[in-house]
A.B. asks: 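Here it is: the structure, laid out below.
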2 protein chains.
Amino acid sequence: MGQARPDTRLKIQGAATVLFRRNGYSGTGLKRIATEAEAPFGSIYHFFPGGKQQLAEEVIRTSGAEYGQMVLALLDSVPDPVESVVHAFQAAADHLTATDYADACPIATVALEVAGTDEVLRVATAEVFAGWVGAGEQWFARWVSDQDAARSLAYSMIMILEGAFVLSRAARDPEPLRVAGRSMAELLRTAIDRAGRRPNR
Amino acid sequence: MGQARPDTRLKIQGAATVLFRRNGYSGTGLKRIATEAEAPFGSIYHFFPGGKQQLAEEVIRTSGAEYGQMVLALLDSVPDPVESVVHAFQAAADHLTATDYADACPIATVALEVAGTDEVLRVATAEVFAGWVGAGEQWFARWVSDQDAARSLAYSMIMILEGAFVLSRAARDPEPLRVAGRSMAELLRTAIDRAGRRPNR
DNA sequence: GTCTATAGATTGATAGAC
DNA sequence: GTCTATCAATCTATAGAC
């Protein structure tokens with residue numbers, strides 16, 4: 001009676017998002033996804049006729065977009081940009097330790113796995129990253145007038161964050177993420193200083 | 001006659017190194033490794049009684065150490081440290097494109113895959129990264145007297161390199177690696193400047 | 001030590017009853 | 001739309017002939 005209508009399709013996508021993020025693409029079986037989603041196995045192919053690939057593509061695009069928005073919202077929650085960067089990396093570190101080093105980037109593991117083996121999924125990950133770079137570029141452009149510099153900062157923040165996730169998860173230690181935050185703050189400070197001294201590079 | 005004695009064990013380890021690097025741990029089957037190594041399947045368990053895990057652990061430690069030494073040699077091939085960093089990232093970009101975006105970091109994909117699922121392999125990747133950080137710290141300490149600053153630079157270089165590999169492989173574009181090189185050079189320049197102005201932080 | 005055959009579990013995917 | 005049964009392939013791992 002009035003059960004919350006959990007929506008099988010969403011439950012499957014949600015379980016797949018968690019499992020792909022934590023165990024990767026090859027490391028996650030459809031059977032496990034169905035079990036974790038408390039959904040019948042056949043429902044996967046009912047809602048995702050393209051099978052594992054289609055499910056993964058939707059997971060990549062959806063969770064990628066959500067994660068990008070989450071990070072942007074985090075950056076906007078602190079007024080000073082340099083402090084904001086440090087705060088965002090600290091928040092990532094806190095979340096990582098709070099989830100026992102499970103929840104880092106939602107798509108990085110899959111991105112590395114499929115880069116050379118599945119063209120559809122590779123393009124999906126590339127487009128997610130491109131979206132992040134574009135959004136980050138706009139954010140940094142608020143503090144750095146030179147568009148090229150803003151774009152480089154966006155690239156660098158995403159890259160050092162991804163690398164920090166790799167090292168922090170491997171070592172089960174949040175320290176790499178904190179170091180990454182300080183380095184990124186340093187880069188931003190330098191860019192802002194330079195813009196002040198000689199506008200437009 | 002006098003055939004080069006290719007050493008079955010080495011052939012297996014070599015094939016596994018290539019396949020783990022390109023397709024990941026879960027994505028690489030032992031059958032495929034045996035085929036690629038032109039070795040009988042049973043030889044894998046003869047030389048690696050611990051099975052896939054033991055083989056992977058040896059691959060992680062060996063290829064990790066080799067890669068670290070290779071990068072250090074690359075850094076030492078250019079006298080000026082800032083130029084050297086840019087040069088090293090450019091070399092990584094060249095190698096990546098030359099191998100059709102297959103050969104990036106030898107252990108990053110596996111590191112992310114096993115971080116939450118295989119404690120033995122997680123520790124192996126963590127120790128490889130720790131070795132890189134230590135070696136990098138010593139290298140940067142030649143130009144930056146503050147040991148903490150040298151350590152942060154080593155961390156940052158490894159992290160931004162790893163992140164750049166993720167983005168470059170996903171986009172099939174060497175540009176992220178070049179941006180990463182410039183950012184890392186910028187960080188080093190700043191650290192050297194600061195050390196000059198106020199020694200020991 | 002080399003190599004084959006195969007066990008036993010699990011994979012992605014499909015068919016078809018309900 | 002839901003769910004079960006099953007297929008063919010592949011996985012890791014082992015047994016045992018040579």
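Throughout, protein chains are lettered first and strands after them, A, B, ... in sequence-line order, and every chain is numbered starting at 1. Computed from heavy atoms alone, side chains included, the values below leave out hydrogens, waters and symmetry copies.
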A.B. asks: Check whether any side-chain heavy atom of B:L177 lies under 4.5 Å from a side-chain heavy atom of B:L161, and answer yes or no.
C.D. replies: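 Counting from C-beta outward, B:L177 and B:L161 do come under 4.5 Å.
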A.B. asks: In whole angstroms, how far is the P atom of C:dG12 from the CD atom of A:Q54?
C.D. replies: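 Rounded to whole Å, this separation is 15 Å.
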A.B. asks: Would you tell me whether A:E186 and B:T190 have side-chain atoms, one donor and one acceptor, within less than 3.5 Å of each other?
C.D. replies: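 Absent: no donor and acceptor within the cut-off.
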A.B. asks: Please enumerate all residues that pass ring-ring contact (aromatic ring centres under 6.0 Å, His included) together with A:Y155, with sequence neighbours excluded.
C.D. replies: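 A:Y155 satisfies ring-ring contact (aromatic ring centres under 6.0 Å, His included) with no residue once adjacent residues are dropped.
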A.B. asks: Answer whether the closest heavy-atom distance between the side chains of A:T109 and A:F20 falls below 4.5 Å.
C.D. replies: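 Side-chain contact under 4.5 Å: no.
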A.B. asks: If every non-hydrogen atom of A:F140 is compared with every non-hydrogen atom of A:M184, which pair is closest and at what distance?
C.D. replies: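 So the minimum-distance heavy-atom pair works out to CZ-CE, 4.0 Å.
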A.B. asks: Can you pull out the residues from residues 40-52 of chain B that lie within a 4.0 Å heavy-atom distance of DNA chain C?
C.D. replies: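 Per residue number, the list reads B:P40, B:F41, B:G42, B:H46, B:F47.
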A.B. asks: Could you list by number each residue of residues 22-39 of chain B showing a heavy-atom separation from DNA chain D of less than 4.0 Å, or answer none if no residue does?
C.D. replies: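 The stretch gives B:T28, B:G29, B:L30, B:K31 as the residues lying under 4.0 Å from the strand, ordered by number.
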A.B. asks: Can you pull out every salt bridge (charged side-chain N to carboxylate O under 4.0 Å, His left out) where at least one residue sits in residues 77-93 of chain B? Sequence neighbours excluded, please.
C.D. replies: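 Qualifying pairs, neighbours excluded: none.
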A.B. asks: Filter on side-chain hydrogen bond (donor to acceptor under 3.5 Å, both in side chains), then keep only pairs touching residues 118-130 of chain B, sequence neighbours left out; what's left?
C.D. replies: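 Sorted result for residues 118-130 of chain B: B:Q53-B:D118, B:R61-B:E127, B:E119-B:R122.
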A.B. asks: Atom NZ of B:K11 to atom C1' of C:dC3: distance rounded to whole Å?
C.D. replies: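 Answer to the nearest Å: 13 Å.
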A.B. asks: Listed by chain and number, what are the side-chain hydrogen bond (donor to acceptor under 3.5 Å, both in side chains) partners of A:D76, not counting sequence neighbours?
C.D. replies: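 side-chain hydrogen bond (donor to acceptor under 3.5 Å, both in side chains) list for A:D76, sorted by chain: A:W139, A:R142.
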